[in-house]
Every structure is written in C-alpha cells, then in structure tokens.
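Before any comments, here is the structure.
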Amino acid sequence: MTRTDWTRDELSALFDLPFTDLVFRAAEVHRAHHAAGEVQLCTLLSIKTGGCPEDCGYCSQSVKADSGLKAEKLMDVGAVLAAAAEAKAAGSQRFCMGAAWREPKDRDMGAVCDMVAGVKAMGLETCMTLGMLSGDQARRLKDAGLDYYNHNIDTSPEHYGDIITTRTFQERLDTLEEVRSAGMAVCCGGIVGMGESREDRVGFLHALATLPRHPESVPVNALVPVKGTVLGDMFAGERLIDDIEFVRTVAVARIAMPMSMVRLSAGRESMSEATQALCFMAGANSIFTGDKLLTTANAGDSKDAALLAKLGLTPMTAAEPMRATEAAE
Ligand code: SAM
Ligand code: DTB
Ligand code: SF4
C-alpha cells in the first residue's frame, strides 16, 4: 500500500541522511517497483506560446516577463499531429502539449480535443497542460482520450506566493481534483532552484506525497533562468541549486512516491552527465527528449540517446499503466 500520510519530519529526515545512504534507499525503492534499467521518453510541444496573463516568476511566457518571446495563436491541429508523428518516430512514448493560458477558453476546446484524439490515435500517450480546468473541461478532455493532465504545484505552499501572485496554491489543488474526478492520471511536480529553502523542498514533496493519490508522474524541474523573467534575472549567473541537493530531492521524491514516474525535467541542459546518472540511480525514470522544452533548449535526441547508451539504460516501450492509482485502490 502506498503511503499518503508522510509527515514533514519524516521527509526532512530522509533529506538529512548521508548522501550515499539516501541514494541507496531510493535505488532500492526504485528497483522494487519499476524496471530500473528503463527510462520513459516524453516529448513536449508548445501548442500556444506566450502572452499568458499569469505572473509566474520563472516563466518566459508571462506577459509580465520581458523575454522577447512573441505571443502566438493556438497551433493548427494538423501541425500538432505532424510534430507528434515526429516524436513517435524518435521513440517517444508520451506527447505532452502545453499552452500558455490561465485556463482554456471554451471556444478553444474543440481544437484541443481534436489534438488529443489525433495524438492518441497514433498510439502515443497523451498529456496536456492548459492551466486551470473546470469540471466540464476536464471531462471533455478525458472523453477525447487525454491520459494525463500536467498541473504543477511548483513549490511549497508557503513559498508559492513569492513566485506567483495571480493564483493560489489552493486553486492548483482544485484543478487537480477536477482532473482526478474526470478519471485522468495526474502529472504534478515543481521547480527547484528558485531561491527556496530546504524546508520548502520538504514542503513541496510533502504536498505531493500527501495528496489523496500520488500523481502518476512527478516532474522535478531545475529552474531554467530565462533573461527578462523575475527569477531568471534574480539568479542570473548564479548556481541555482547544488547538484547534490538536486539529487537528494529526486531521491526523496522516489522514496515518498514509490509507484510514480519521477521525471528529470527542465534544467538537464545545464546538468552534467554524472549528475543525471546520479538522478537515475536515485530513482528518476523519465525524461523530456527532443531539442526543445516549451520555449527553451533541451539536450536533443542524439545527445540523449548517447547518454542512455553510455549508462546502459533503455527507452521504456510499454506504458506503466496508472500504477500509483492502482496501488491506492
Ligand atoms: N500554463 C500552464 C500552467 O502553468 O499550468 C502550463 C504551462 S507551464 C509552462 C508548465 C510548467 O513548466 C510550469 O508549471 C513550471 O513548473 C514549468 N516551467 C515553466 N518555466 C520554467 C522554467 N523557466 N524553468 C523550469 N521549469 C519551468
Ligand atoms: C513540467 O513540469 N516541465 C515541462 C512540462 N511540465 C510542461 C515544461 C518545462 C518548461 C521549461 C521552460 C521552457 O521551455 O519554457
Ligand atoms: Fe502562464 Fe503557465 Fe507560464 Fe505561468 S507557467 S506564466 S500559467 S504559461
């Protein structure tokens, strides 16, 4: 039975373990619940870029950011499906579509649902991240064939207001509940390296690990400092998070949420191969592939293939079907 009653003290004690003990424990948990030699490959596409009314301090796509990004319209369904076909050909298992919206407008739902249905018909897992959802929108996405909805809590409840002021932590939880009620799997994680304390990282993982059901996917992003964003400018040229502390965060996520896929997400571009290898050792078993995340650069397929080959890891082919959900039942 997967535990959802973790205390902050317990997670804090895990963080405090000697590093090799922590990684060893995380590796044990990883091996007990997953094929430890396999890594899930996911591809991202920004289906609607820029011009977002929210003020997330890390994001290049906020209207408040001076990142030079030009606001675009929602992509055509055909162009999205062409990108999905490319991702599939490159070996990706999941196709994640992101839109720079506070929430989708009902007039966009038809096109968005067509995208979901088209990508699903190619045999890819479907994921979308469109901001807040109403219950009705969540059900429409589910009916169209959406497998996963990504909606990050980003940081601890206490630190949230320092990063984003245009919505509350509770509003994130409300959308997650709508996603669950509609019967979709949840992808929910956050960002480290935003000037948060160790306690905030504990609080962030605690919030995830005490949800009524653990998210099936937990993306752990390292802040990509984008010029013109509040956080990008604040931390320009600084080391955002110590590599060892990043690996600790991955390890604690793995131990606290044994069934979940833990995704080494944004920030891999600036991470050494050795740090990424430690993350895989500590239980990360999913990455974003391709040469672009949403608006910033990513490692690229050939670099990733070389890294996986060097480490003797293989791309996951069969979906791990909603493990965390099954375990909670
Ligand atoms: N607008 C939707 C929302 O915020 O829910 C979806 C798109 S948003 C770009 C998806 C996630 O990407 C954010 O929740 C955040 O965790 C992550 N993200 C955005 N910019 C980032 C950055 N510069 N570095 C690391 N992660 C970032
Ligand atoms: C997530 O946690 N990370 C992805 C995905 N979910 C949507 C997005 C990362 C974005 C990184 C910054 C950018 O490229 O704009
Ligand atoms: Fe908008 Fe999402 Fe970026 Fe926040 S993270 S500004 S909601 S696109």
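Each ligand, and each atom within it, is numbered from 1 in the order the structure gives.
Not a single heavy atom of K64 sits closer than 4.0 Å to an atom of ligand 3. Ligand 1 lies less than 4.0 angstrom from a heavy atom belonging to A99.
Closest to atom 5 (O) of ligand 1 among all protein heavy atoms lies R172 NH2, 2.8 Å. Among all protein heavy atoms, the one lying closest to atom 7 (S) of ligand 3 is R167 NH1, 3.3 Å.
Not one N or O of R167 is nearer than 3.5 Å to an N or O of ligand 1, by distance alone. Between Q61 and ligand 1, not a single N/O pair is under 3.5 Å apart. Checking only distances, N150 never comes within under 3.5 Å of ligand 1, N or O to N or O.
Annotation for E199: atom CD does not count as buried by contact number, only 12 or fewer foreign heavy atoms lying within 6.0 Å. Taking a 6.0 Å sphere around CZ of F24, one finds it holds 12 or fewer heavy atoms contributed by other residues, nucleotides or ligands.
Counting only protein atoms, the N, O or S atoms lying less than 2.8 Å from atom 4 (Fe) of ligand 3 are C56 SG, ordered by chain and residue number.
Of the heavy atoms in L231, none comes closer than 4.0 Å to ligand 1.
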Inventory of protein N or O atoms under 3.5 Å from ligand 2 N or O:
from     : atom 1 : to   : atom 2 : distance (Å)
ligand 2 : 2 (O)  : N152 : ND2    : 2.8
ligand 2 : 2 (O)  : N221 : ND2    : 2.8
ligand 2 : 3 (N)  : N221 : OD1    : 3.0
ligand 2 : 14 (O) : L294 : N      : 3.0
ligand 2 : 14 (O) : T295 : N      : 2.8
ligand 2 : 14 (O) : T296 : N      : 2.9
ligand 2 : 14 (O) : T296 : OG1    : 2.8
ligand 2 : 15 (O) : T295 : N      : 3.2
ligand 2 : 15 (O) : T295 : OG1    : 2.6

